[in-house]
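Owing to the predicted nature of the structure, the values given are computational and were not obtained by experimental measurement.
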Amino acid sequence: MQPDLLHRAQIAQILQQFRKHTPLVHCMTNDVVQTFTANVLLALGASPAMVIDRDEAQQFAAIADALLINVGTLTRERADAMQTAILSATAARKPWTLDPVAVGALTFRSDFCRELLALQPAAVRGNASEIMALAGMSAGGRGVDTTDTAIAALPAAQALARQTGAIVAVTGEVDYITDGLRTLRVTGGDLLMTRVVGTGCALSAVVAACCALPGDRLYNVAAACAFMAQAGSLAVATTRGPGSFIPAFLDALYALHGEVLA
């Protein structure tokens, strides 16, 4: 059975909630994408903060509305800070999201992310190969690039969601978002989104922000995917390549509103 398609009216309603709540997102993300991630959150109406020192991260994770853990440029010192922030966020009942960048390809980050699953993330967002590897299934992948399709990874995503209690989003040409029992799909976007650095990582930050919203978390995470996909579709119509795509994409995120989405 084909997973349900998230309706645009639902997306518009969640966007309204997003801008009403302006979630403060603590991003412990990789060095390559920090600026782009911050700009994406700001364009949508959230407030980003990049706090990475262990002691400061412990304090700030309890203050922020949501925490993002992205292991793209993981070090042992950063891993310790991330674990500390997760424990602080959990104690303060703040949701945290895992982006398991290149899990399955490298041992240290793979072992670390599998350990983090026991700390009950609210959401996990990754490409097909990352989600399959995190679920313990055979996967392809070349570092951060997937060689598997999102639909092929859907059983792994559903199993991972049931195992952890997290909402799992496996993203690609079509995005699939599942809580293990229910599954939504989000279409849209453009191949050009894979030709610039950081769209996936920034999406994970938007997922983290949406986990802080009231309502059904499955639909909130799916809406995060839809915000990015819709903005990608709008931006590509006015660009000639990767260089002009990024400012057009940020402009499209900023200009998203209920009428466009519904």
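- Rounded to the nearest 0.5 Å, atoms CG (Asp31) and CZ (Arg78) are 4.5 Å apart.
- Formation of a donor-acceptor pair under 3.5 Å by the Ser110 side chain with backbone atoms of Val103 is not found in this model.
- Between Ile14 and Phe227, some side-chain heavy-atom pair lies under the 4.5 Å cut-off.
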Report task. Kindly determine whether Leu41 and Cys27 satisfy side chain to side chain contact (heavy atoms under 4.5 Å, CB included), including the steps that lead there. Result -> CA-CA 10 Å; Leu41 288 171; Cys27 300; 3.8 Å; yes
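- In terms of modelled atom types and a separation under 3.5 Å, the side chain of Arg19 and the main chain of Leu44 share a donor-acceptor contact.
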Query raised in the report: Can you list the steps and then say if Val170 with Glu130 is a side chain to side chain contact (heavy atoms under 4.5 Å, CB included)?
Result: CA-CA 9 Å; Val170 53; Glu130 292 162 349; over 6 Å; no
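- The side chain to side chain donor-acceptor pair (under 3.5 Å) pairs that include a residue from residues 33-43 number zero, where partners must be two or more places apart or lie in different chains.
- Screening residues 38-54 for salt bridge (Lys or Arg N to Asp or Glu O under 4.0 Å), with sequence neighbours left out, gives Arg54-Asp80.
- Partners of Thr107 under the side-chain contact (heavy atoms from CB on, under 4.5 Å) rule, at least two apart in sequence or in another chain, are Asp111.
- The backbone N or O of Val174 sits nowhere less than 3.5 Å from a side-chain atom of Thr187 that would complete a donor-acceptor pair.
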List the atom pairs, donor and acceptor, that lie under 3.5 Å between side-chain atoms in residues 240-247 and the rest of the protein, sequence neighbours left out.
from: Ser244; atom 1: OG; to: Arg240; atom 2: N; distance (Å): 3.1
from: Ser244; atom 1: OG; to: Gly241; atom 2: O; distance (Å): 3.3

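- To the nearest 0.5 Å, atoms CG (Asn220) and CD1 (Ile167) are separated by 9.5 Å.
- Val168 places none of its side-chain heavy atoms less than 4.5 Å from the side chain of Ile177.
- The side chain to side chain donor-acceptor pair (under 3.5 Å) check on Arg182 picks up Asp179, Asp216, with sequence neighbours excluded.
- Side-chain atoms of Leu117 and Leu160, non-hydrogen and from C-beta on, do get closer than 4.5 Å to each other.
- Asn30 meets the side chain to side chain donor-acceptor pair (under 3.5 Å) test with Asn70; sequence neighbours excluded.
- For Arg217, there are no salt bridge (charged side-chain N to carboxylate O under 4.0 Å, His left out) partners at least two apart in sequence or on another chain.
- For the atom pair CD1 of Ile11 and CZ of Phe18, the computed distance is 14.0 Å after rounding to the nearest 0.5 Å.
- Following chains of ILVMFWY side-chain contacts shorter than 4.5 Å, one cannot reach Val33 starting from Leu192, and the two form parts of different hydrophobic clusters.
- In this view, Asp55 satisfies the salt bridge (charged side-chain N to carboxylate O under 4.0 Å, His left out) rule with no residue, not counting sequence neighbours.
- Remark: side-chain polar atoms of Asp65 are paired, donor with acceptor, to backbone N or O of Leu24 under 3.5 angstrom.
- Side-chain contact between Thr149 and Glu173 is absent, with no heavy-atom pair separated by less than 4.5 Å.
- Applying the salt bridge (Lys or Arg N to Asp or Glu O under 4.0 Å) test to residues at least two apart or on different chains, none of the pairs has a partner in residues 83-95.
- For Asp251, there are no side chain to side chain donor-acceptor pair (under 3.5 Å) partners two or more places apart in sequence or in a different chain.
- The stretch residues 230-239 participates, sequence neighbours left out, in no salt bridge (Lys or Arg N to Asp or Glu O under 4.0 Å) pair at all.
- Among residues two or more places apart in sequence or in another chain, the side chain to side chain donor-acceptor pair (under 3.5 Å) test is passed with Gln158 by Thr183.
- With 3.5 Å as the limit, one finds no donor-acceptor pair spanning the side chains of Arg125 and Thr97.
- Distance alone, capped at 3.5 Å, places no donor-acceptor pair between the Ser88 side chain and the Thr84 backbone.
- Side-chain atoms of Trp96 do not come within 3.5 Å of backbone N or O of Ala61 as any donor-acceptor pair.
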